[in-house]
Undergrad: 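First, the structure itself, so that you have it in front of you.
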Amino acid sequence: MEKEELLQKILHCVENGKVNNAAPYPPNMKGKDGADEWTKKALEEGIGPDEILSEALIKAMDVVGKKFSEKKIFVPQMLISAKAMNAAMEHLKPYFQSGAVKKKGLFIIGTVAGDLHDIGKNLVGMIVEGAGWEVLDLGVDVNSRKFLDAIGSHKDAVVGLSALLTTTMANMKTIAQDIKQQYPEVPLIIGGAPVNENFKTEIGADGYAPDPQGAVSYLNSLIA
Ligand code: B1M
């Protein structure tokens, strides 16, 4: 099968929430392969994990987000697409995580309080780990207390905050300020669709990255 066709299959499965062959949803794809099988096949055919990520998975999520904005789909469909994306990402993980054995430092990452979006945060964690950093993932809906406790146990760590909702940007600001108040020397980087360089400056963070590669560049610059 052609590369383009395989990438389209994956995109189609994630967009429509077809997780794997056994999944009964969506009914019109019952008994057909899903994001799980097609991603495995694409890797076996030699398609690079970066390409699968950018040309199929992230594109699919953009379509899902657009459909949600236009009220063509609702939360359950978004959720099942996220499940399909995660099934695909399981196959990409080993490629992104095969970094150097000796770790460059510790990166603590979490999605801020009130926010349950974790796909982007997981991806950043995976790619940072692949770039040779140890990653401590605090999960989603993480408040200041949890970040502060983790930093308290690892004072030489770098901290990353992720937010996907405009409404949780305020929580990101509170968390950043709490961290900077108690640990002013801890490098703090932020990311996620609604945040940018200006917001970084506004909340007193040290770095902003639009994508995982940007996070890796920032982290590596700290030890250069
Ligand atoms: Co939600 N959601 N969602 N959602 N969801 C968005 C974000 C939204 C833009 C959709 C839309 O309206 N078009 C919208 C936000 C609007 C806004 O705030 N302006 C939205 C909404 C409204 C909501 C709910 C409020 C819906 C509701 O209940 N009515 C609700 C909120 C729940 C909550 O968090 N409290 C909600 C729920 C959900 C699901 C649970 C169903 C599901 C998430 C499942 C999961 O994550 N496990 C979901 C999904 C899947 C989406 C979309 C479709 C996809 C998000 C995603 O995974 N993208 C999203 C629309 C979209 O993004 N197109 C949407 C792919 C991912 C790889 O990209 O996360 O941006 P992203 O990460 C990127 C970069 O941002 C960056 O690197 C990543 C890779 O390039 N990055 C960092 C991220 N963190 C970083 C940290 C860094 C550096 C870079 O350093 C520390």
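Just so you know, ligand 1 is whichever comes first in the structure, and atom 1 is the first atom listed for that ligand.
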Undergrad: Side chain or backbone, does Thr166 bring an N or O within less than 3.5 Å of an N or O on ligand 1?
TA: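 So ligand 1 has an N or O lying under 3.5 Å from an N or O of Thr166.
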Undergrad: Are Asp206 and Tyr218 packed together at the side-chain level, in the sense that at least one heavy-atom pair is separated by less than 4.5 angstrom?
TA: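 Heavy-atom side-chain distance check passes, below 4.5 Å.
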Undergrad: Report yes or no: do Leu43 and Leu53 belong to one cluster of Ile/Leu/Val/Met/Phe/Trp/Tyr joined by side chain heavy-atom distances under 4.5 Å?
TA: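 Per the 4.5 Å side-chain linkage, Leu43 and Leu53 are co-clustered.
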Undergrad: Enumerate the atoms of ligand 1 whose separation from the nearest heavy atom of Phe68 is less than 4.0 angstrom.
TA: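 Matching atoms, with element in brackets: 10 (C), 11 (C), 12 (O), 22 (C), 26 (C).
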Undergrad: Donor-acceptor pair, Lys93 side chain versus Leu123 backbone, under 3.5 Å?
TA: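 Not a single qualifying donor-acceptor pair exists.
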Undergrad: Are Asn220 and Trp133 close enough that some pair of their side-chain heavy atoms sits under 4.5 Å apart?
TA: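 A side-chain contact under 4.5 Å exists here.
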Undergrad: Hydrophobic clustering (ILVMFWY, side-chain heavy atoms < 4.5 Å, transitive) - are Val128 and Leu222 grouped together?
TA: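 Yes, it is one cluster - the side chains of Leu222 and Val128 are joined through contacts under 4.5 Å.
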Undergrad: Which ligand 1 atoms are under 4.0 Å away from a heavy-atom of Ser69?
TA: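 So the answer, numbered in order with elements, is 11 (C), 12 (O), 13 (N).
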Undergrad: In the protein, what heavy atom is nearest to atom 9 (C) of ligand 1, and what distance, to one decimal place, separates them?
TA: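 Ranking protein heavy atoms by distance from atom 9 (C) of ligand 1, first comes Leu164 O, 5.0 Å.
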Undergrad: Polar contacts were defined as any N/O atom of the residue lying under 3.5 Å from an N/O atom of the ligand; does this apply to Asn86 and ligand 1?
TA: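 For ligand 1, there is no N or O atom that lies under 3.5 Å from one belonging to Asn86.
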Undergrad: Just need the protein heavy atom nearest to atom 15 (C) of ligand 1, so name the residue and atom and give the distance.
TA: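 It is Leu165 CD2, 3.5 Å.
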Undergrad: If you consider just the N/O/S atoms, which atom of His117 is the closest one to atom 1 (Co) of ligand 1?
TA: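 Atom 1 (Co) of ligand 1 is closest to the His117 atom NE2, counting only N, O or S.
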Undergrad: Would you call Lys66-Glu70 a salt bridge at under 4.0 Å N-O?
TA: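 Yes.
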Undergrad: Do Lys41 and Glu44 meet the salt-bridge criterion of a basic N to acidic O distance under 4.0 Å?
TA: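 A salt bridge is absent here (no side-chain N lies under 4.0 Å from a carboxylate O).
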Undergrad: Hey, quick one: are Val124 and Leu164 part of the same hydrophobic cluster, counting side-chain heavy atoms closer than 4.5 Å, chains of contacts allowed?
TA: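 Per the 4.5 Å side-chain linkage, Val124 and Leu164 are not co-clustered.
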Undergrad: Could you tell me whether the side chain of His91 reaches within less than 4.5 Å of the side chain of Asp36, counting heavy atoms only?
TA: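 In contact.
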Undergrad: Taking 4.0 angstrom as the limit and counting only heavy atoms of Gly160, give me the atoms of ligand 1 inside it, by number and element.
TA: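 Near Gly160, the atoms of ligand 1 are 91 (C).
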Undergrad: Salt-bridged, Glu185 to Lys155, with N to O below 4.0 Å?
TA: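 No, this pair does not count.
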Undergrad: Atom 87 (C) of ligand 1: which protein heavy atom is closest, and how many Å away?
TA: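 Ranking protein heavy atoms by distance from atom 87 (C) of ligand 1, first comes Gly191 CA, 3.5 Å.
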Undergrad: For Leu116, is there any backbone N or O sitting under 3.5 Å from a side-chain donor or acceptor partner on Thr111?
TA: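 Such a contact is absent between Thr111 side chain and Leu116 backbone.
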Undergrad: Is the shortest distance from atom 91 (C) of ligand 1 to a protein heavy atom below 4.0 Å?
TA: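 Yes, there is a protein heavy atom closer to it than 4.0 Å.
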Undergrad: Quick check: does any side chain N or O of Lys32 sit under 3.5 Å from a backbone N or O of Gly34, one acting as donor and the other as acceptor?
TA: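 No; zero donor-acceptor contacts below 3.5 Å.
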Undergrad: Among all the protein's non-hydrogen atoms, which is closest to atom 45 (C) of ligand 1, and how far away is it?
TA: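 Of the protein heavy atoms, Asp118 OD1, 3.4 Å lies nearest.
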Undergrad: Who's the nearest protein heavy-atom neighbour of atom 72 (O) of ligand 1, and how far?
TA: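 Scanning the protein heavy atoms, the shortest distance from atom 72 (O) of ligand 1 goes to Gly120 CA, 3.2 Å.
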Undergrad: Which of the numbered atoms in ligand 1 are under 4.0 angstrom from any heavy atom belonging to Gly65?
TA: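 Close to Gly65: 11 (C), 13 (N), 53 (C), 60 (C), 63 (N).
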Undergrad: Would you tell me which option among Met78, Lys83, Gln213 has the nearest heavy-atom contact to atom 49 (C) of ligand 1?
TA: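 Going through Met78, Lys83, Gln213 one by one, Met78 has the nearest heavy atom to atom 49 (C) of ligand 1.
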Undergrad: Could you tell me which atoms of ligand 1, counted from 1 in the order shown, lie closer than 4.0 angstrom to a heavy atom of Ile189?
TA: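 Near Ile189, meaning under 4.0 Å from one of its heavy atoms, ligand 1 has 91 (C).
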Undergrad: Would you say the side chain of Gln8 lies within less than 4.5 Å of the side chain of Trp38, judging by non-hydrogen atoms?
TA: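 A side-chain contact is absent here, since even the closest heavy-atom pair is not under 4.5 Å.
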Undergrad: Give the residue and atom name of whichever protein heavy atom lies nearest to atom 44 (C) of ligand 1, and the separation in Å to one decimal.
TA: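 Closest protein heavy atom to atom 44 (C) of ligand 1: Ala82 CB, 3.6 Å.
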Undergrad: If you define the side chain from C-beta out and look only at heavy atoms, does anything of Leu92 sit under 4.5 Å from Leu57?
TA: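 Counting from C-beta outward, Leu92 and Leu57 do come under 4.5 Å.
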Undergrad: Linking I/L/V/M/F/W/Y whenever any side-chain heavy atoms sit under 4.5 Å apart, do Val135 and Ile179 land together?
TA: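 Per the 4.5 Å side-chain linkage, Val135 and Ile179 are not co-clustered.
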Undergrad: Would you confirm whether Gln177, through its side chain, and Thr174, through its main-chain N or O, come within 3.5 Å as a donor-acceptor pair?
TA: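 Not a single qualifying donor-acceptor pair exists.
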Undergrad: May I ask you to check whether over 12 heavy atoms, not counting those of Lys180, lie within 6.0 Å of atom NZ?
TA: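 Buried by this count: over 12 neighbours within 6.0 Å.
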Undergrad: I need the atoms of ligand 1 closer than 4.0 Å to a non-hydrogen atom of Gly192, numbered in the order shown.
TA: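 Numbered from 1, ligand 1 contributes 75 (O), 81 (N), 82 (C), 83 (C), 84 (N), 85 (C).
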Undergrad: Which protein non-hydrogen atom lies closest to atom 58 (N) of ligand 1, naming both residue and atom, and how far is it?
TA: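 Checked against all protein heavy atoms, atom 58 (N) of ligand 1 sits closest to Met61 CB, 4.0 Å.
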Undergrad: With a 4.0 Å cut-off, strictly under, does atom 21 (C) of ligand 1 pick up any protein heavy atom?
TA: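 It does: a protein heavy atom is found less than 4.0 Å away from atom 21 (C) of ligand 1.
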Undergrad: Looking at ligand 1, is there an atom of it that comes within less than 4.0 Å of some heavy atom belonging to Ala163?
TA: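 Checking ligand 1 against Ala163, which is what was asked, there is no heavy-atom contact under 4.0 Å.
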Undergrad: For ligand 1, which atoms sit closer than 4.0 Å to a heavy atom of Asp62?
TA: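 In order of numbering, the contacting atoms are 63 (N).
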Undergrad: Heavy atom under 4.0 Å from ligand 1: found in Leu161's side chain, backbone, both, or neither?
TA: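 Looking at Leu161 and ligand 1, just backbone atoms fall under 4.0 Å.
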Undergrad: Where's the contact between Pro210 and ligand 1, heavy-atom distance under 4.0 Å: side chain, backbone, both or neither?
TA: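 Under 4.0 Å from ligand 1, Pro210 contributes backbone atoms alone.
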Undergrad: Compute the shortest N/O to N/O distance between Lys66 and ligand 1 and return yes if it is under 3.5 Å, no if not.
TA: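 No - when backbone and side-chain N and O of Lys66 are compared with those of ligand 1, no distance drops under 3.5 Å.
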Undergrad: Test Glu5 against Lys9 for salt bridge (Lys or Arg N to Asp or Glu O under 4.0 Å), laying out the working first.
TA: CA-CA 6 Å; Glu5 203 180 335; Lys9 290 271 185 203; 5.1 Å; no
Undergrad: Please list the nearest protein heavy atom to atom 28 (O) of ligand 1 with its residue and the distance rounded to 0.1 Å.
TA: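 The protein heavy atom lying closest is Val75 CG2, 3.6 Å.
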Undergrad: Any nitrogen or oxygen of Gly114 lying under 3.5 Å from a nitrogen or oxygen in ligand 1? Just yes or no.
TA: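 Looking only at distances, the answer is yes, because the N/O contact criterion of under 3.5 Å is met.
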Undergrad: Have a look at Ile119, Leu79, Val63 and point out the one with the heavy atom closest to atom 40 (C) of ligand 1.
TA: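 Of the listed residues, Leu79 has the closest heavy atom.
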Undergrad: Below 4.0 Å from any atom of ligand 1, is there a heavy atom belonging to Thr167?
TA: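 Not so, Thr167 does not reach ligand 1.
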Undergrad: Val124 versus ligand 1: do any nitrogen or oxygen atoms come within less than 3.5 Å of each other?
TA: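 No, there is no polar N/O contact under 3.5 Å.
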Undergrad: Please identify which atoms of ligand 1 are closer than 4.0 Å to at least one heavy atom of Pro212.
TA: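 Counting from 1, the qualifying ligand atoms are 77 (O), 79 (C), 80 (O).
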Undergrad: Measure the distances from the heavy atoms of Pro194 to every atom of ligand 1 and state whether one is below 4.0 angstrom.
TA: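 Distance cut 4.0 Å: Pro194 fails for ligand 1.
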